[in-house]
Colleague: 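Provided herewith is a single structure, encoded as structure tokens, for subsequent inquiry.
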Amino acid sequence: RYLLYDVNPPEGFNLRRDVYIRIASLLKTLLKTEAWVLVLPPWGRLYHWQTPDIHQVRIPWSEFFDLPSLDKNIPVIEYEQFLAESGGPFIEQVYVLQSYAEGWKEGTWEEKIDERPCIDQLMYSKDKHDYYRGWFWGYEETRGLNVSCLSVQGSASIIAPVLLSNTSARSVMLDRAENLLHDHYGGRDYWNTRRSMVFAKHLRVVGDEFRRKYLQSTDEADRTHYNEDWTQMKVKLGTAIGGPYLGVHLRRKDFIWGHREDVPSLHGAVKKIRSLMERHKLKRVFIATDAIVEETEELKKLLPEMVRFEPTWEELELYKDGGIAIIDQWVCAHARYFTGTSVSTFSFRIHEEREILGFDPKTTYNRFCGAKERNCEQPTHWKIIY
Ligand SMILES: Nc1nc2c(ncn2[C@@H]2O[C@H](COP(=O)(O)OP(=O)(O)O)[C@@H](O)[C@H]2O)c(=O)[nH]1
Ligand SMILES: *[C@@H]1O[C@H](CO)[C@@H](O)[C@H](O)[C@H]1NC(C)=O
Ligand SMILES: *[C@@H]1O[C@H](CO)[C@@H](O)[C@H](O)[C@H]1NC(C)=O
Ligand SMILES: [Mg+2]
């Protein structure tokens with residue numbers, strides 16, 4: 001049977017990567033009873049992918065991730081393969097996940113799931129043949145045969161009994177899948193799935209070449225030995241030393257107004273960067289940022305030695321905004337010392353990548369303080385479990 005899912009449209013790439021981990025956990029639960037395969041939701045129409053004139057919709061996962069690696073964790077197929085083998089662009093059952101209209105009373109958390117009337121306006125509408133039409137990742141010809149709403153409060157596997165017993169549909173889509181929580185956040189399954197999310201090789205190659213050329217960083221010298229087979233990669237924390245540069249993720253744009261408190265000013269960021277370079281005796285700094293041109297110009301003035309990955313037009317067209325962001329993350333993940341932006345899932349994914357590569361957590365879990373912050377706590381630590 002086929003499991004499909006989608007996420008609330010405004011959510012960004014790196015929160016979606018987290019939702020994948022929750023769904024993979026659900027799939028593992030289903031597999032204990034029946035043969036299921038996860039259909040990877042094509043990427044597209046993400047708010048942050050703003051480069052004009054490139055086609056950024058219906059993007060298969062293989063453009064960003066290594067499919068054989070994902071497949072070593074759970075069975076996955078691309079949407080196009082689903083179309084080819086399932087007999088057409090039809091999804092038999094769509095469940096739109098939502099919370100409970102009545103909310104939940106404090107102190108009485110319980111896991112539950114119930115079929116309920118849809119709370120929000122349904123993002124699907126019936127066509128003249130009584131099929132449901134909707135976004136479906138930009139595949140206009142896809143139709144749903146039945147759409148209903150499920151109120152859910154709980155971790156991903158809470159929906160397994162519903163999929164196994166309440167419906168016999170061969171293809172089931174969970175829309176608004178971010179409403180499901182992690183089964184075991186930070187546990188063994190979490191990390192296995194996370195580790196299976198290996199970036200596509202062509203992006204890693206570009207990042208590695210950039211490291212070598214501009215940052216004097218190679219896996220041998222940095223002791224970041226990468227095994228193409230993640231199941232064989234068992235490095236000890238603290239063994240990786242990383243390239244001779246400071247890695248920085250400086251989240252701007254919507255964060256400047258969305259999280260005012262913990263976003264630094266450009267001057268504040270540069271001051272922090274300089275002090276970190278001095279403390280760790282690093283002459284180079286790599287900056288990943290989504291800042292607008294005016295801000296990057298100002299940054300360059302304040303920090304002329306900074307290094308950025310600035311794609312050519314051809315590279316942008318080839319790798320797209322999503323691929324460029326991955327290259328930025330990859331380079332940050334290999335730095336001797338990293339500092340990110342508070343509450344950014346983009347930074348969180350870099351933290352995890354560094355954990356997988358074997359960096360000492362002290363070099364990883366650092367963030368900028370907001371302009372007015374006094375007590376600037378470090379982000380919580382992860383613990384990798386094999
Ligand atoms: N290339 C690049 N893109 C970035 C950077 N920071 C943010 N972005 C873009 O902005 C999006 C931020 O959304 P999201 O992934 O949800 O992370 P979050 O909003 O920071 O938690 C990313 O997916 C990228 O498309 C960066 O340093 N480099
Ligand atoms: C699933 O079926 C059981 C047994 O018939 C029923 O009690 C339950 O309410 C159903 N759950 C959903 C979410 O439809
Ligand atoms: C649609 O799905 C709901 C929930 O599973 C079910 O109660 C209903 O009977 C289905 N309708 C049709 C026409 O299959
Ligand atoms: Mg976001």
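As the structure lists them, so they are numbered: ligands from 1, and atoms in each ligand from 1.
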Colleague: Which residue and atom name correspond to the protein heavy atom nearest atom 16 (O) of ligand 1, and how close is it?
Modeller: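 Ranking protein heavy atoms by distance from atom 16 (O) of ligand 1, first comes Gly12 CA, 3.2 Å.
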Colleague: With under 30° as parallel and over 60° as perpendicular, where do the rings of Phe82 and Tyr2 fit, or are they tilted in between?
Modeller: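 It falls in the perpendicular class, over 60°.
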Colleague: With heavy atoms under 4.0 Å as the rule, classify the contact between Phe255 and ligand 1 as side chain, backbone, both or neither.
Modeller: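 Side chain only; the backbone of Phe255 stays clear of ligand 1.
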Colleague: Within ligand 1, which atoms have a heavy atom of Trp49 less than 4.0 Å away?
Modeller: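 So the answer, numbered in order with elements, is 25 (O).
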Colleague: Any carboxylate oxygen within less than 4.0 angstrom of a Lys/Arg side-chain nitrogen, looking at Glu92 and Arg1?
Modeller: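 Salt bridge flag = no for Arg1 with Glu92.
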Colleague: Using the rule that Ile, Leu, Val, Met, Phe, Trp and Tyr join whenever any side-chain heavy atoms are under 4.5 Å apart, tell me whether Ile241 and Met233 fall into a single cluster.
Modeller: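 No, because Ile241 and Met233 fall into different hydrophobic clusters, even though each may have its own neighbours under 4.5 Å.
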Colleague: Looking only at protein heavy atoms, which one is nearest to atom 1 (N) of ligand 1, and how far off is it?
Modeller: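 Checked against all protein heavy atoms, atom 1 (N) of ligand 1 sits closest to Asp328 OD2, 3.0 Å.
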Colleague: Measure the acute angle between the ring planes of Trp43 and Phe64, then classify it against the limits of 30° and 60° as parallel, tilted or perpendicular.
Modeller: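 Perpendicular: the ring planes of Trp43 and Phe64 meet at over 60°.
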Colleague: Identify, chain by chain and in numerical order, each protein residue with a heavy atom under 4.0 Å from an atom of ligand 3.
Modeller: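 Shell around ligand 3 (4.0 Å, heavy atoms): Gln93, Tyr95, Glu115, Asn146, Ser148.
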Colleague: Checking contacts here: is it the side chain or the backbone of Asn14 that comes within 4.0 Å of ligand 1, counting heavy atoms only? Could be both or neither.
Modeller: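 Both backbone and side chain of Asn14 come within 4.0 Å of ligand 1.
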Colleague: Ion pair present between Glu353 and Arg194, side-chain N to carboxylate O less than 4.0 angstrom?
Modeller: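 Looking at Glu353 and Arg194, the cut-off is met.
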Colleague: What is the closest protein heavy atom to atom 5 (C) of ligand 1, and at what distance does it sit?
Modeller: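 Result for atom 5 (C) of ligand 1: Phe346 CE1, 3.5 Å.
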Colleague: At less than 4.0 angstrom from any non-hydrogen atom of Ala325, what atoms of ligand 1 do you find?
Modeller: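 In order of numbering, the contacting atoms are 1 (N), 2 (C), 3 (N).
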Colleague: Report the relative orientation of the aromatic rings in Tyr190 and Tyr185; use parallel for angles under 30°, tilted for 30 to 60°, perpendicular for over 60°.
Modeller: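 Perpendicular, since the angle between the ring planes exceeds 60°.
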Colleague: Considering only non-hydrogen protein atoms, determine which one is nearest to atom 8 (N) of ligand 1 and report residue, atom name and distance to 0.1 Å.
Modeller: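 So the nearest neighbour among protein heavy atoms is Asp290 CB, 3.6 Å.
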Colleague: Less than 3.5 Å apart, any donor N or O on the side chain of Tyr124 or Asp175 sitting next to an acceptor on the other?
Modeller: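 Judged by distance alone, the side chains do pair up.
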Colleague: Going by atom types only, do Asp183 and Ser155 share a side-chain donor-acceptor pair under 3.5 Å?
Modeller: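 Result is yes, a qualifying pair exists.
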Colleague: Under 3.5 Å, is there a donor-acceptor pair linking the side chains of Asn166 and Glu115?
Modeller: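 No, Glu115 and Asn166 have no side-chain donor paired with an acceptor closer than 3.5 Å.
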Colleague: Where on His249 is there a heavy atom closer than 4.0 Å to ligand 1, on the side chain, on the backbone, on both, or on neither?
Modeller: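 Near ligand 1, His249 shows its side chain, while the N, CA, C and O stay back.
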Colleague: At a 4.0 Å cut-off, with the gap strictly under it, does some heavy atom of Asp321 reach an atom of ligand 1?
Modeller: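 No heavy atom of Asp321 comes that close to ligand 1.
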Colleague: Provide, to 0.1 Å, the distance between atom 9 (C) of ligand 1 and the closest protein heavy atom, together with that atom's residue and name.
Modeller: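 Protein heavy atom with the smallest distance to atom 9 (C) of ligand 1: His48 CB, 4.1 Å.
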Colleague: Is Arg251 close to ligand 1, meaning an N/O of one under 3.5 Å from an N/O of the other?
Modeller: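 So ligand 1 has an N or O lying under 3.5 Å from an N or O of Arg251.
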Colleague: Suppose I only count heavy atoms of Thr345 and a 4.0 Å limit; which atoms of ligand 1 are within that range?
Modeller: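 It comes down to these atoms of ligand 1: 14 (P), 16 (O), 17 (O), 18 (P), 20 (O), 21 (O).
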Colleague: Side-chain donor-acceptor pair under 3.5 Å between Thr363 and Arg354, yes or no?
Modeller: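 Note: Thr363 and Arg354 side chains meet the donor-acceptor criterion.
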Colleague: Using the six-membered ring wherever Trp is involved, compare the ring planes of Phe286 and Tyr245 and label them parallel, tilted or perpendicular (cut-offs 30° and 60°).
Modeller: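 Taking Tyr245 first and then Phe286, their aromatic rings stand perpendicular (interplane angle over 60°).
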Colleague: Does Trp330 have its ring centroid less than 6.0 Å away from the ring centroid of Phe210?
Modeller: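 When the ring centroids of Trp330 and Phe210 are compared, they turn out to be at least 6.0 Å apart.
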Colleague: Measure the distance from atom 23 (O) of ligand 1 to every protein heavy atom, then report the residue, atom name and distance (to 0.1 Å) of the closest one.
Modeller: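 Nearest protein contact, heavy atoms only, for atom 23 (O) of ligand 1 is Phe13 CB, 3.5 Å.
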Colleague: Could you check whether Phe338 and Phe359 have their ring centres less than 6.0 Å apart?
Modeller: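 Between Phe338 and Phe359, which both carry aromatic rings, the centre distance is not below 6.0 Å.
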